[in-house]
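Below, each value reflects all heavy atoms present in this structure, side chains not excepted, and no hydrogens, waters or symmetry copies. Quick note on labels: first sequence line is chain A, next is B, and so on, each numbered from 1.
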Amino acid sequence: MASQADYKDRQFLAVIGDEDSVTGLLLAGIGHVTSPPDNQKNFLVVDNKTENSAIEAAFERFTTERKDIGIVLINQHIADRIRYRIDTYTQAFPTVLEIPSKDHPYDPEKDSVLRRVRRLFGE
Amino acid sequence: MSGAADREAVFPTRQSLGIMKAKLKGAETGHSLLKRKSEALTKRFREITRRIDEAKRKMGRVMQIASLSLAEVTYAVGGNIGYQIQESAKSARFRIRAKQENVSGVLLPAFESYQTEGNNDFAMTGLGKGGQQVQRCRETYARAVEALVELASLQTAFVILDEVIKVVNRRVNAIEHVIIPRTENTIKYINSELDELDREEFYRLKKVAGKKQRDTAEQDAEMKARKEAQAAAAAVGENQAPDTAADDAPADLLAAEEDEDVIF
């Protein structure tokens with residue numbers, strides 16, 4: 001509720017995902033690099049070699065530090081790697097959205113929001 | 001004992017009874033209003049949850065189609081274009097805007113996607129070959145992102161509504177189970193204290209009236225005795241005629257005294 005005032009200038013999406021997902025979403029035109037000297041990208045490509053701490057840092061940066069991001073898209077299999085961070089993330093802004101990736105089909109059971117939905121309806 | 005029950009610390013006066021009654025009325029009105037608000041929000045909440053469920057499933061399908069078209073691009077271009085695209089991304093063409101929607105006093109933000117005109121970071125992508133596939137892929141992904149944005153706004157609404165409903169329900173329960181019983185207890189306490197005071201007052205009045213009655217009875221008895229004494233004296237005086245003049249004066253004096261007593 002407290003963050004209702006500052007969502008006006010949130011106009012970008014951010015992506016944390018594998019190469020294919022990021023490429024596709026960038027093709028759609030969501031990629032943005034802030035003006036120098038920061039040169040902050042709003043996307044992170046994760047592969048098998050990427051450390052969990054790097055994913056966490058990016059997640060942290062997109063959700064708390066940057067004030068211009070409204071939606072954070074994250075591949076579900078990557079979200080699984082930092083599941084505890086995502087489950088404890090309860091802010092409304094920016095929204096964290098788990099998306100499926102090419103190699104990992106979407107599993108509604110793992111989604112933290114859908115899990116809350118199920119819990120609320122006692123299923 | 002009304003002192004043992006949970007009540008507010010007030011003096012049992014008629015004024016605070018009035019205040020408490022007004023408070024109880026206010027609490028009841030507030031309770032019914034909040035209850036209705038909570039119901040309206042819950043209705044909305046259930047609707048959103050259902051839509052989220054649908055949208056999540058739809059997203060799965062849309063993303064599948066989008067990945068397929070990306071695979072087509074990779075095939076047509078004949079190599080991985082990921083690196084090139086990541087490097088050439090400069091300014092977002094696809095942006096979102098947040099607008100508000102009011103549901104029973106709760107502001108729910110909704111994202112709206114729009115595309116800025118003019119800047120195209122990927123003008124050169126697929127220039128050699130596969131340009132058509134790249135174009136198609138971009139459109140597919142743009143549609144997918146639109147679906148994602150819609151889902152994101154549903155999810156935001158879900159998170160905010162969840163929070164608000166919790167707060168409202170907490171308030172409803174607090175009023176129902178704490179404030180109303182406590183105010184009722186206070187009213188009961190004030191009423192019992194006021195009744196007690198009334199009884200005390202009544203008893204006191206009765207005591208005073210009893211004392212007055214007793215005093216009057218004593219006076220009456222005294223007066224009667226005196227009158228009898230006077231009558232006896234007069235009878236004696238008639239028998240002893242020479243004393244009349246001497247007796248008359250004290251009789252007058254007594255009468256005067258009596259008069260004074262009666263007035264008093």
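If you take OG1 on T95(A) and CZ on F111(B), they are separated by 4.0 Å, rounding to the nearest 0.5 Å. Atoms CG and CZ, on L26(A) and R138(B) in that order, are 11.5 Å from each other to the nearest 0.5 Å. Taking OH of Y114(B) as the reference point, atom CD of Q11(A) lies at 4.5 Å (rounded to 0.5 Å). Note that the CD atom of Q155(B) and the CD atom of E98(A) stand 8.0 Å from one another [nearest 0.5 Å]. L70(B) contributes atom CG, which lies 6.0 Å from atom OG1 of T23(A) (distance to the nearest 0.5 angstrom).
Contacts with chain B were tallied for I30(A), L13(A), L73(A); I30(A) has the most, counting heavy-atom pairs under 4.5 Å. Ranked by heavy-atom pairs under 4.5 Å with chain A, the first of T156(B), D162(B), V149(B) is T156(B).
For R199(B), the CZ atom sits in a packed shell: over 12 heavy atoms of surrounding residues, nucleotides or ligands are nearer than 6.0 Å. Within 6.0 Å of CD on E47(B) lie more than 12 heavy atoms contributed by other residues, nucleotides or ligands.
Contacts of A152(B) with chain A are made by both backbone and side-chain atoms, with heavy-atom separations under 4.5 Å. Neither the backbone nor the side chain of V167(B) comes within less than 4.5 Å of any heavy atom of chain A. Contacts of V72(A) with chain B are absent, with no heavy-atom separation under 4.5 Å from either backbone or side chain. Interface residue L148(B): backbone and side-chain heavy atoms are both found under 4.5 Å from chain A.
Using a 4.5 Å heavy-atom threshold, the side chains of M59(B) and P100(A) count as touching.
Within residues 171-181 of chain B, no residue has any heavy atom under 4.5 Å from a heavy atom of chain A. Residues of residues 139-147 of chain B that come within less than 4.5 angstrom of chain A, heavy atom to heavy atom, are Y141(B), A142(B), V145(B) in numerical order.
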Legend entry - K56(B) vs L97(A), side chain to side chain contact (heavy atoms under 4.5 Å, CB included): CA-CA, chis, key distance, verdict: CA-CA 10 Å; K56(B) 286 257 176 185; L97(A) 200 59; 4.3 Å; yes
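For the residue pair C137(B) and L27(A), the shortest heavy atom distance occurs at SG-CD1, 3.7 Å.
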